2 protein chains.
Amino acid sequence: MTTARTGAGRASPRGRRAARSAGDDRETAILATAERLLEQRAFGDISIDDLARGAGISRPTFYFYFPSKDAVLLTLLDRVTEEVDAAAGDVLVRLAEDPRARWRELIQRFHETFGAHRALVLACAQVRGTNAEVRRLWAAVLERWVQAIEAAIEAERRRGAAPDGLPARDLAIALNSMNERVWYATFAGDGPAVDERDVVDVLLDLWLAGIYRDTTPPPST
Amino acid sequence: MTTARTGAGRASPRGRRAARSAGDDRETAILATAERLLEQRAFGDISIDDLARGAGISRPTFYFYFPSKDAVLLTLLDRVTEEVDAAAGDVLVRLAEDPRARWRELIQRFHETFGAHRALVLACAQVRGTNAEVRRLWAAVLERWVQAIEAAIEAERRRGAAPDGLPARDLAIALNSMNERVWYATFAGDGPAVDERDVVDVLLDLWLAGIYRDTTPPPST
DNA sequence: GACGTCAGTCAACACCCTGTCGAGTGCCAT
DNA sequence: ATGGCACTCGACAGGGTGTTGACTGACGTC
């Protein structure tokens, strides 16, 4: 369930046919077209025909590569979440060094990665409402992050840096949810939103307050 | 901009024609059908024909009452936000009596009102991505709430109950955003979510942490 | 070097949904 | 009785999706 593309044909994704068949180019072209068009208009205003023409193929041919418009988005989303995971790296295991700095680093990296793909992230948030697959993928990704944060909170409590309080999982869910929605508003720019330059510090402050009741949690001794 | 229905005909919403013309019934029937159908399937899977047939009229006739499917949702949303505002009442001006109890009351009432219309609220959250009108209305509603919370936070700081820190507006935005997303997950039931019975307390805890750095803020002396 | 196979391609079709137009129908005031 | 208005819908145009079936060309095989 890591890769969502599956496609219609091509059982073995990178089979015997030496390197990059013509189809590989087309698939890449579709993805690139999607990402490009998303910078210009909303996902709902992009038709399969737009994607196909952008990739230099006809509409029916599009279906050879992807079962639907949403599947393209899914593939793109999969990529970005991998990128985010890579950016987050091992920050959480090094929390005790300097909690405030590490949490900030984590939030900052999420912010940068999402910001670099804001059109795509916005599109996913929009489509999540109508598409069950996107919803499921996003839920799975979120679950991973929630579990990581939950574990980190518990570790901080165990070493006495953070007080007991809410169940760590509930706290992790709420904090992740806050980030998601706040980023969405900031990137979308409609409705009340935190300024992009401040958003990391605002979120950080609330994470520290929620986890430590304090903006300067103690490092390990 | 309070009422969003506008409709195609009927310049004067409640004109001379004595009480309730036949059209009034139809309009109500459409709204009722929409709310009923929303409990069963997603907004996107409800066609205008469904709404019309449910109200006992033909599809073209639907357009006499509403300019689009989204306009129906908009009207419904307008209603719920009014209900929420009424439920919230003057809780915020009585904050100093017992801050923890009052904040809890506020969150609790939001929770109850949204919970009573969860299908509708979920539909709006979904459509907000694709429909500019819903987005604008929601943004306006949110802006009102954010301003109210911002003012309340500033009042708490002025009387010395809450410490200075983040700009009150940013704090208000983040807390409102958190609530919105957390409720969405709880009501939608997909992805990581806080249990419905705990959600008020979880949110309350984070509000108090964010605003007071303390779960038992002082009442007025 | 004919031949089957299979990735890749698309014109044409069937379908569904939206929004509009124009021709009604019945009620009410004048 | 008649003109206007609230209200109604059959029929159409348009645009999107997803599928079908025929076609092309490169490749391995005998």
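Scope of the values below: all heavy atoms of this structure, side chains included, with no hydrogens, waters or symmetry mates. Here the structure is a predicted model, which means the values were calculated and not measured. In what follows, every chain begins at residue 1, and chains take the letters A, B, ... in the order their sequences are listed.
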Over 60° means perpendicular and under 30° means parallel, so classify the ring planes of A:W145 and A:W138, tilted if in between.
-> perpendicular
If the cut-off is 4.0 Å, is B:R26 near the phosphate of D:dT8, judged by side-chain N/O to OP1 or OP2? yes
A:F64 atom CZ is separated from D:dT24 atom P, nearest whole Å, by 18 Å
Polar side-chain atom of A:T186 near backbone of A:E196 as donor-acceptor pair, under 3.5 Å
no
Double-helix bend of the helix from C:dG1-D:dC30 to C:dT30-D:dA1, axes at both ends from 5 pairs, round to 10°, gives 20°
Per the under-4.0 Å heavy-atom filter, residues of residues 43-62 of chain B near DNA chain C come out as B:S47, B:I48, B:R59, B:P60
The nucleotide from D:dT17, C:dT18, C:dT9 with an atom nearest the side chain of A:K69 is D:dT17
Of C:dG8, D:dG18, C:dT20, the nucleotide closest to the side chain of B:Y63 is C:dT20
Short side-chain N/O contact from A:Y65 to OP1 or OP2 of C:dT9, under 4.0 Å: yes
When rounded to whole Å, the CG to C1' distance for the pair B:D25 and D:dC7 reads 13 Å
For A:L95 and A:A152 the tightest heavy-atom approach is CD1-CB, 3.9 Å
> Thinking salt bridges, do A:E105 and A:R109 make one under a 4.0 Å N-O criterion?
Replying inline: yes
With a 4.0 Å cut-off on N to O distance, would you call A:E156 and A:R102 a salt bridge?
no
Taken to the nearest whole Å, CZ/A:F66 to C1'/C:dT9 is 17 Å
Name the orientation class of the two ring planes belonging to A:F187 and A:H111 (parallel below 30°, tilted from 30 to 60°, perpendicular beyond 60°).
parallel
Using 4.0 Å as the upper bound for N to carboxylate O, is an ion pair formed by A:R128 and A:E180? yes
Exercise. Determine yes or no for a side-chain-to-main-chain donor-acceptor pair under 3.5 angstrom, with A:D50 supplying the side chain and A:S47 the backbone.
Key: yes
